Every structure is written in C-alpha cells, then in structure tokens.
Amino acid sequence: MTPIDNDELKCLIKAIGMKAYVEILFPALIKDKNISVMELCQKYPEFNKYTPDAQNTRRSKARKIFENGWEVEALKTISLSTRTNSCVRAKAKDLELKYKK
C-alpha cells in the first residue's frame, strides 16, 4: 500500500465523482480490478450517461485508487464529505465498514 496522499486522493475522487465511485466503480473493482468500460456499461447502465472519454477517465482514476491501496480510505473520505447527498455518504460508510482492513 502506498502511503496515503490526501490531496491526491481527493483529486482522484473529484475526477471520478463520489456517487459514481460508491455506486458503480467500487463495487465493480472490488470484484474485478481489470473490468473493462464495456463490462461496466453492461453491468451498470447508469455508467452509460458519461461520454466514452469520461468513462475511461473515471475507470482509470478508480483503478489508481485501488492500485495504491486507498479504496477504503476513499470510502471514508466520501462518507465524511458534506458535498454529496446523505444516501451516498451512508452507502460509503456501510461499504467502508464491510471492507475495512
């Protein structure tokens, strides 16, 4: 695990979007870190609302979080955020507790 750089982590989360990370990318990548954009679109139809470039960016930024071992810390950051709705925060907290190392 790479030491956590909170500024970098926040930039990555911002590029992905908190809701997209919690509801789409974290659940997908926790099961398969090499999931393709096409598979994401098939499994999570709401991912289709993003342009192809945005889909690639979001997936690659989320993979970077996982590669650094920051996936649970990202959930914690989201669960403490005041910049997303309470449902997303609650889901992030539930996932954080479930996957905490």
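Keep in mind the model is a prediction, meaning the values are calculated, not measured. Position 1 is the first residue of the sequence; numbering continues from there.
A distance of 12.0 Å separates NZ in K14 from NZ in K61, rounded to the nearest 0.5 Å. The CG atom of L29 sits 9.5 Å away from atom CD of E71, with the distance rounded to the nearest 0.5 Å. Note that CG of L9 is 9.0 Å distant from CG of N68, once rounded to the nearest 0.5 Å. Note that NZ of K10 and CG of D5 are 10.5 Å apart. Values are rounded to the nearest 0.5 Å. Here the NZ atom belonging to K19 is positioned 8.5 Å from the CD1 atom belonging to I24, to the nearest 0.5 angstrom. From N85, atom CG reaches atom NZ of K91 across 11.5 Å, with rounding to the nearest 0.5 Å.
Formation of a donor-acceptor pair under 3.5 Å by the S81 side chain with backbone atoms of I78 is not found in this model. With hydrogens and angles ignored, the 3.5 Å screen pairs no side-chain donor or acceptor of Y21 with any backbone N or O of R58. With hydrogens and angles disregarded, a donor-acceptor distance shorter than 3.5 Å links the side chain of R89 to the backbone of T84. A donor-acceptor distance shorter than 3.5 angstrom exists from the side chain of R59 to the backbone of I35, with no hydrogens or angles considered.
Ring planes of F66 and F26: tilted class, angle from 30 to 60°.
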Side-chain donor-acceptor distances from residues 37-50 under 3.5 Å, at least two apart:
unit_1 : atom_1 : unit_2 : atom_2 : d
E39    : OE1    : S36    : N      : 2.8
E39    : OE1    : S36    : OG     : 3.2
N48    : ND2    : C41    : O      : 3.4
N48    : ND2    : P45    : O      : 3.2

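Taking hydrophobic clusters as Ile, Leu, Val, Met, Phe, Trp and Tyr residues chained together by side-chain heavy-atom distances below 4.5 Å, L80 does not share a cluster with L97. Hydrophobic cluster membership is shared by I4 and V72, with clusters built from Ile, Leu, Val, Met, Phe, Trp and Tyr side chains linked at under 4.5 angstrom. Both M18 and Y99 belong to a single network of hydrophobic side chains, linked directly or stepwise wherever heavy atoms of I, L, V, M, F, W or Y lie under 4.5 Å apart.
Put simply, the residue from L75, T77, L12 that forms a side chain to side chain contact (heavy atoms under 4.5 Å, CB included) with W70 is L12.
Qualifying salt bridge (Lys or Arg N to Asp or Glu O under 4.0 Å) partners for E67, counting only residues two or more places apart in sequence or in other chains: none. With sequence neighbours excluded, no residue forms a salt bridge (Lys or Arg N to Asp or Glu O under 4.0 Å) with K33.
At least one side-chain heavy atom of K64 sits less than 4.5 Å from a side-chain heavy atom of E8.
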